[in-house]
Amino acid sequence: MNQVAIAGIGHTAFGRLEGTSALELEAQAARLAVQDAGFEPRKIDGLITDPGPAQGVLQGIEPHYLRLGRALGLDPAFAGTEILGGASSVGGIQRAAMAIEAGLCSTCLCVYGDTALSSTGSFAYGRGDEAAFGFFGAAGLHALAAQRHMALYGTRPEALAEVAIAARAHAARAPHAQLRTPLDMAGYFASRMLAEPLRRADCCLVSDGAAAVVVCATDAAGDFRHRPARILGMGQAHSLGTYSNPTHFDTLPAARCGPAALARAGLTAADVDVAMLYDCFTIVVLMQLEAYGFCARGESGDFVANGRIGPGGALAVNPSGGLLAEGYGGGMLHVIEAVRQLRGAAGTRQIVDAEVALVTGHGLGMNSHATLILGR
């Protein structure tokens, strides 16, 4: 995987951006990423898109790459739309890397964009047959996972709070983050309960915005404007049974693809300097810490205690604030922050001597997981 790298990054503002279409936001992010790479637009011969919930669910899939490709004026050699929920951005970059290694394209633009906050009902659709009994939305699904973790391991709500508090503390150092107000333990427990045991502070933001990266072969190094982030390893795993699988809520597919991706890179969890863990809900961060081997199963509650994953802690988890505080970027903002850290361009939140970044994507009904290992 040393032959493929992320050479350019770019994103729009995130928040409520009424009056601007998703395609306009995506085009803006795409232009920024191509400029950041230092490439001429004509060099782009691949396009992979992640349409997000509003475009992917409410508007239907036309497929999305056709709409965006037309808007950008591209006629690529390779194109596609990745639909893996929150794993789509990482999965799309993986698809781009494989296409480049296979010679199907040489420079692939990967774009996430949506107007989920301005589009009513983006996350309100039913989840399978259980919707007949009132089971709607991702919060209820992940609340079941949190209940299960608490039942199996005695995990306390304070562990969930530590994840939310750390995200806010990190976001305070990211000027573009949506939610920069501090959060403490009292503030966490004052947060409204949504689906027990998950409170509002346990749930990610919903945002309008777009983000993009340029993936290319490393032999174009002479053309790079910035130090590229090399793709050292990657992996996917899927658990498709959901409720029919009695162990579905016990662990994540990350437990299969995470260690495998690290092994492909010749690394272990101990080698990771920056962990960009998909954080749609606080419980998913705890479960990933266990799945990737940062701690043993059932020990993530103790692992995150006392600010261990916050600023200045032993493990930098989502130093830009993640989905919980930076903004909902479909997972692409996680990739962009990893690249910034490896470039040494993260400002006051820079992790000293960051050389290895882990980036994850977690999607749909806890069904899909994707992993990227990036190196300086």
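Predicted model, so just to flag it, every value in this text is computed and none were measured. Side-chain atoms are counted along with the backbone in the values below, which use heavy atoms only and exclude waters and symmetry mates.
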Is a salt bridge present between [X] and [Y], judged by a nitrogen-to-oxygen distance below 4.0 Å?
| X | Y | result |
| --- | --- | --- |
| Glu290 | Arg297 | no |
| Asp273 | Arg376 | no |
| Arg148 | Asp250 | yes |

Least distance between heavy atoms, [X] atom then [Y] atom:
| X | Y | value |
| --- | --- | --- |
| Thr218 | Arg230 | CG2-CG, 4.4 Å |
| Leu32 | Gly10 | CB-CA, 3.9 Å |
| Phe303 | Cys295 | CD1-CB, 3.8 Å |
| Ala338 | Leu374 | CB-CD1, 4.0 Å |
| Ile373 | Ala265 | CG2-CB, 4.0 Å |
| Ile48 | Ala79 | CD1-C, 4.2 Å |

Rounded distance [0.5 Å steps], [atom1] in [X] versus [atom2] in [Y]:
| X | Y | atom1 | atom2 | answer |
| --- | --- | --- | --- | --- |
| Gln350 | Arg340 | CD | CZ | 11.5 Å |
| Thr115 | Glu18 | OG1 | CD | 10.0 Å |
| Leu323 | Gln178 | CG | CD | 10.5 Å |
| Leu104 | Met98 | CG | CE | 10.5 Å |
| Thr12 | Phe14 | OG1 | CZ | 4.5 Å |
| Leu205 | Leu179 | CG | CG | 5.5 Å |

Does any N or O in the side chain of [X] come within less than 3.5 Å of the main-chain N or O of [Y], such that one atom is a donor and the other an acceptor?
| X | Y | result |
| --- | --- | --- |
| Arg199 | Ser191 | yes |
| Asp45 | Thr107 | yes |
| Glu196 | Ala143 | no |

Do [X] and [Y] sit in the same hydrophobic cluster, where Ile, Leu, Val, Met, Phe, Trp and Tyr count as joined when their side-chain heavy atoms come under 4.5 Å apart?
| X | Y | result |
| --- | --- | --- |
| Phe78 | Val213 | no |
| Val359 | Leu84 | no |
| Ile165 | Met193 | no |
| Met185 | Leu324 | yes |

Please verify the inter-ring angle class for His176 with His11; under 30° counts as parallel, over 60° as perpendicular, anything in between as tilted.
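His176 vs His11 ring planes: tilted.
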Non-neighbouring partners of Arg95 that pass salt bridge (charged side-chain N to carboxylate O under 4.0 Å, His left out), sequence neighbours left out
Glu82
Hey, which of His170, Gln341, Glu337 is the one that makes side chain to side chain donor-acceptor pair (under 3.5 Å) with Arg349?
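Exactly one pass, corresponding to Glu337.
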Ring pair (Phe, Tyr, Trp, His ring centres under 6.0 Å) contacts in which one or both residues fall within residues 337-372, not counting sequence neighbours
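Qualifying pairs: His142-His362, Tyr292-His369.
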List, by chain and number, the other hydrophobic cluster members for Leu17, where Ile, Leu, Val, Met, Phe, Trp and Tyr join if side-chain heavy atoms come within less than 4.5 Å, directly or indirectly.
Leu25
